Amino acid sequence: MNTAIEQAIELIQLSHRIAALSGAGISTEAGIPDFRGPGGLWDDPELMALMSASGFRRDAAAFYRAALKLFPNLTNAQPTTAHRFLAHLEEQGKVIGVITQNIDGLHQMAGSKNVFEIHGTFRTGHCTRCGALCDMMPLYADLERAGSLPPLCTKCGGTIKPDVVLFEDIPPPDVFREAVRVAQQCDLLLVMGSSLLVYPAADLPGIALDCGARLVIVNLEETDYDPLATVVVRARLGDFAHAALAKT
Ligand code: NAD
């Protein structure tokens, strides 16, 4: 087995208060593309512009069309081995929190309970006029079937916006505060599938390190935090999680 994988597993075995910080890379093996990995979505600036807060305000229908094009698999994706590995560690009482930049809800589907979605979720939404809460899942199915865009509030006819933090939006401060608390309290921060280029999420490894935690990064590409990590695993998360599940 790859030595870095073995070292990371050993650190996980020795740790008692693990926090995970996941990014889009943990869901690529579920068929949801990432932004900055190989073949990621970053290469299409026009689509990315539509996924911003100002893009949504300008043309909500185009926003939904772009979202459906970018993430065709989002509504039927299933958790990966890496998602299941974190749920397994939480069940063992070793994980104090899963901080995720993802909006796909796959950690909860895998069984993780203490999840901090710092960029929100695509599963719920709110009316931009009256503020009514909306379950987005049946709406997406309708959007794909009937092509009726954008979805409108059944109470007031306002446009529904999914509860995701778009480019130009600020992460929900209460959720981010909790994520910081978890990063401060962990003895190991396990970064899984993140380029660590998006702030303020990318501040969290530094916060954990300042509080004395060890840092393990599992990512296919280099990150700026690699020199500060105790172990860097350059492997597919599926392979890492498969090996780690067998030993924890
Ligand atoms: P990112 O796209 O910037 O980086 C993903 C990283 O994961 C890359 O460095 C890539 O090399 C690595 N990676 C990809 N597949 C991997 C695999 N199988 N094993 C190991 N590593 C793998 O992702 P980010 O840092 O999360 O930032 C992107 C932003 O876009 C986030 O804010 C996130 O909210 C959002 N986003 C979310 C989803 C989702 O919910 N699934 C998908 C795309 C983007």
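Numbers here simply count residues along the sequence, with the first being 1. In each ligand, atom 1 is the first atom listed, and ligand 1 is the first ligand listed. Because the structure is a prediction, the values reported are computed rather than measured.
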Next on the checklist: One thing to verify: whether E29 and R236 come together as a salt bridge, which I'm taking to mean a side-chain N less than 4.0 angstrom from a carboxylate O.
Outcome noted: yes
Checklist entry - Taking non-hydrogen atoms only, is E29 closer than 4.0 angstrom to ligand 1 via side chain, backbone, both or neither? => result side chain
Item to check | Contact atoms of ligand 1, heavy-atom distance to A235 under 4.0 Å | outcome: 19 (N), 20 (C)
Next on the checklist: Could you tell me, atom by atom, which parts of ligand 1 come under 4.0 Å of a heavy atom of T28?
Outcome noted: 14 (C), 15 (N), 16 (C), 17 (C), 18 (N)
Checklist entry - Can you check whether G55's main-chain N or O pairs, donor with acceptor, with S52's side chain at less than 3.5 Å? => result yes
Checklist outcome for this item: A student checking ligand 1 against D104 at a 4.0 Å heavy-atom cut-off should list atoms 39 (C), 40 (O), 41 (N)
Next on the checklist: Please list, in number order, the atoms of ligand 1 under 4.0 Å from a heavy atom of G23.
Outcome noted: 26 (O)
Item to check | For ligand 1, the portion of I103 having any non-hydrogen atom under 4.0 Å away | outcome: both
Next on the checklist: Is it true that Q101 and S22 share a donor-acceptor pair across their side chains at a distance under 3.5 Å?
Outcome noted: no
Next on the checklist: Looking at non-hydrogen atoms alone, which of A24, G25, S22 comes nearest to atom 16 (C) of ligand 1?
Outcome noted: G25
Next on the checklist: Show me which atoms of ligand 1 lie under 4.0 Å from any heavy atom of R236.
Outcome noted: 19 (N)
Item to check | Proximal ligand 1 atoms for S27, defined as those under 4.0 Å from one of its heavy atoms | outcome: 41 (N)
Checklist entry - Heavy atom of F122 under 4.0 Å from ligand 1? => result no
Checklist entry - For C153, which residues count as a side-chain contact (heavy atoms from CB on, under 4.5 Å) partner, sequence neighbours excluded? => result C127, C130, A132, K155, C156, I160
Checklist entry - So, D104 and S27: side-chain donor and acceptor under 3.5 Å apart, yes or no? => result yes
Checklist entry - Is any side-chain N of the basic residue among D187 and K94 closer than 4.0 Å to the acidic one's carboxylate O? => result no
Checklist entry - Are F122 and Y140 close enough that their ring centers fall under 6.0 Å? => result yes
Checklist entry - At a 4.0 Å cut-off, with the gap strictly under it, does some heavy atom of P33 reach an atom of ligand 1? => result yes
Next on the checklist: Is it the case that the side chains of D163 and T121 hold a donor-acceptor pair, with the cut-off being a distance below 3.5 Å and no angle test?
Outcome noted: no
Checklist entry - Of all the atoms in ligand 1, which lie at a distance below 4.0 Å from a heavy atom belonging to I32? => result 41 (N)
Listed pairs under 3.5 Å, donor-acceptor, residues 197-204 side chains, sequence neighbours left out:
none

Checklist entry - Any idea which atoms of ligand 1 are less than 4.0 Å away from a heavy-atom of G193? => result 5 (C), 6 (C), 7 (O)
Checklist entry - Between H119 and ligand 1, which part of the residue brings a heavy atom under 4.0 Å of the ligand: side chain, backbone, both or neither? => result side chain
